[in-house]
Visitor: 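I'd like to ask some things about the structure below.
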Amino acid sequence: MPKAQNIINGQFQDSQTTQWIDLHNPANNDLIGQVPCSTTAEMKAAVDSAAEAFKTWQHSTVMTRQSLMFNLVRLIRANMGEVAKLITKEQGKTLADAEGDVLRGLQVVEHACGIPSLLMGETAQTIAQDMDAYSYRVPLGVCAGIAPFNFPAMIPLWMFPLAIACGNTYVLKPSERDPGAAMFLSKLAIDAGVPAGVLNVIHGGPDAVNFLLDEKRIKAVSFVGSDTVGRHIWERGSLNGKRVQSNMGAKNHGVIMPDANRTATLNALVGAAFGAAGQRCMALSVAVFVGDSKQWLPDLVTMAKALKVNAGHVPGTDVCPMISPKARQRAFDIVEKSVKQGAKLLLDGRGVTVPGYEKGNWMGPTVLAGVTPEMECYKEEIFGPVLVCVEAANLDEAIKLVNDNDWGNGTAIFTTSGAVARKYTAQIESGQVGINVPIPVPLPFFSFTGNKRSILGDLNFYGKAGVQFYTQLKTITSLWRETDATVLKAATSMPTMK
Ligand code: NAD
């Protein structure tokens, strides 16, 4: 069977025959997502094609780009179910979760439909006699995106649509572990009218990433993924003179005040800790029980125990498999080490298997209590269905604990007190705060504003900051005088524009 590999210059390539495959023929849909690594020649061809396309795409009208985004929104909405099914099949998350993955990405494309307003610059009239100044937001050139496995639709959609709407051309490298959704979405983009060369897709791991970081013609790199890789990407990309935005790991704390609504809080905690098997950068992986709220812990364990662990496509599944045997083993080892360090294992999901899928990467909900900041399970991002429970005597102690943590992606507080919530939001350092909202991922008219160790680079993904990331300012100073000068004499001093 042929394998659809790269998207170069608007076409799929069969990796075995190197023949081009007709993208517009639905019979070829099942070829999407079968992806061996791109060769160096193919990666170079992708950048060649993006660089060539930029010559014309940068001058496309903003209305053309807006109507393209509207088309893409329409096509993603029409194919949402198909993309979600592909994610469930390839990545393992539940269908409902996969639909959420596509929807949260689609919202960024919907926001990109406002590109004419988003790109507006600034003007100043009469800065000197007969002289005006104005700035434009202009594209950067060829941009690249490197995506993680855990949101195979949403994160590519944080990247290429806005970049293209801003007038750039793009080379996307999806996660080699689940590239299918990105391929499907890229096909939809081409169906929506993205011209040949404007969006290209390559595949691979570290070699493909390093190729993008070293390729001179790439002006900006967007990365979402793990801590060590993100640091490497930011350092190597920045040293090579590129603009880099790098979103990385997290350790998100949920603070439970004793006055919180008990049932709603328990529901929120359990869903946000174990949903997607904890493989979300905004998962609530640490529960901070303040004062008497620790008495809710037994009920939390009972709820966690009742969650159904199974394959994502099986109706009623709550907890899907983890992405790989390696990821699962790492989570197991962290649990083991933390127990040796004194953590209490209230619920152990390590023995869970699922009949019919015995070789799956299963890990059931796991709850560790009595955890202190020196323990492995507190220091490491586990990225599995493990909830780490700590205790604090009061709100001030909880705030200090959260602020002492290196990461700053997100946090949530559960309370019925406005004053407590206000104090928490004012004093907490994390960049995304939920008040009775367990996973406060901002909608795209804001930006994704994780901070501290969770991000490198100055400009956030999507929203106004996203537009700033994918554009640079060009400022024009113009002089339109009705009459010619009266004296023939050049001024050699620095113009003061009086
Ligand atoms: P990962 O870092 O393993 O992979 C991300 C990308 O980097 C992939 O495309 C991969 O091919 C590439 N890569 C992997 N190893 C590399 C290396 N040695 N050199 C160069 N490139 C390499 O991340 P993942 O496991 O796919 O995703 C999970 C991580 O992503 C978690 O840490 C999670 O917190 C983070 N994440 C963060 C956010 C956020 O916005 N902060 C969102 C989603 C996920």
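When a ligand or atom number is given, it counts from 1 through the structure's own listing order.
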Visitor: Which residue is it: Trp407, Tyr378, Phe289? I am looking for the one with a ring pair (Phe, Tyr, Trp, His ring centres under 6.0 Å) to His253.
Guide: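 Looking at Trp407, Tyr378, Phe289, the match for His253 under the ring pair (Phe, Tyr, Trp, His ring centres under 6.0 Å) is Tyr378.
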
Visitor: In this structure, are over 12 heavy atoms from other groups packed under 6.0 Å from Phe446 atom CZ?
Guide: no

Visitor: When you check the gap from the basic side-chain N to the acidic O, do Arg453 and Asp227 get nearer than 4.0 Å?
Guide: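 Salt bridge between Arg453 and Asp227, a charged N being under 4.0 Å from a carboxylate O: yes.
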
Visitor: Going by an N to O cut-off under 4.0 Å, is there a salt bridge joining Arg77 and Glu110?
Guide: yes

Visitor: Using a strict cut-off of less than 4.0 Å between a Lys/Arg side-chain nitrogen and an Asp/Glu carboxylate oxygen, indicate whether Asp48 and Arg217 qualify as a salt bridge.
Guide: yes

Visitor: If the threshold is 4.0 Å, N to carboxylate O, is there a salt bridge linking Lys379 and Glu374?
Guide: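 The answer is no: the pair does not qualify as a salt bridge.
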
Visitor: Could you tell me, for ligand 1, which of its N or O atoms are under 3.5 Å from any protein N or O, listing the pairs and their distances rounded to 0.1 Å?
Guide:
residue, atom, partner, partner atom, Å
ligand 1, 2 (O), Ser226, N, 2.9
ligand 1, 2 (O), Ser226, OG, 2.6
ligand 1, 9 (O), Ala147, O, 2.7
ligand 1, 9 (O), Lys173, NZ, 2.9
ligand 1, 11 (O), Lys173, NZ, 3.0
ligand 1, 11 (O), Glu176, OE1, 2.6
ligand 1, 11 (O), Glu176, OE2, 3.4
ligand 1, 23 (O), Ser226, N, 3.4
ligand 1, 25 (O), Arg177, NH2, 2.7
ligand 1, 26 (O), Phe149, N, 3.0
ligand 1, 26 (O), Arg177, NH2, 3.3
ligand 1, 30 (O), Gly225, O, 3.2
ligand 1, 32 (O), Glu381, OE1, 2.7
ligand 1, 34 (O), Glu381, OE2, 2.6
ligand 1, 40 (O), Asn247, ND2, 3.0
ligand 1, 41 (N), Met248, O, 2.8

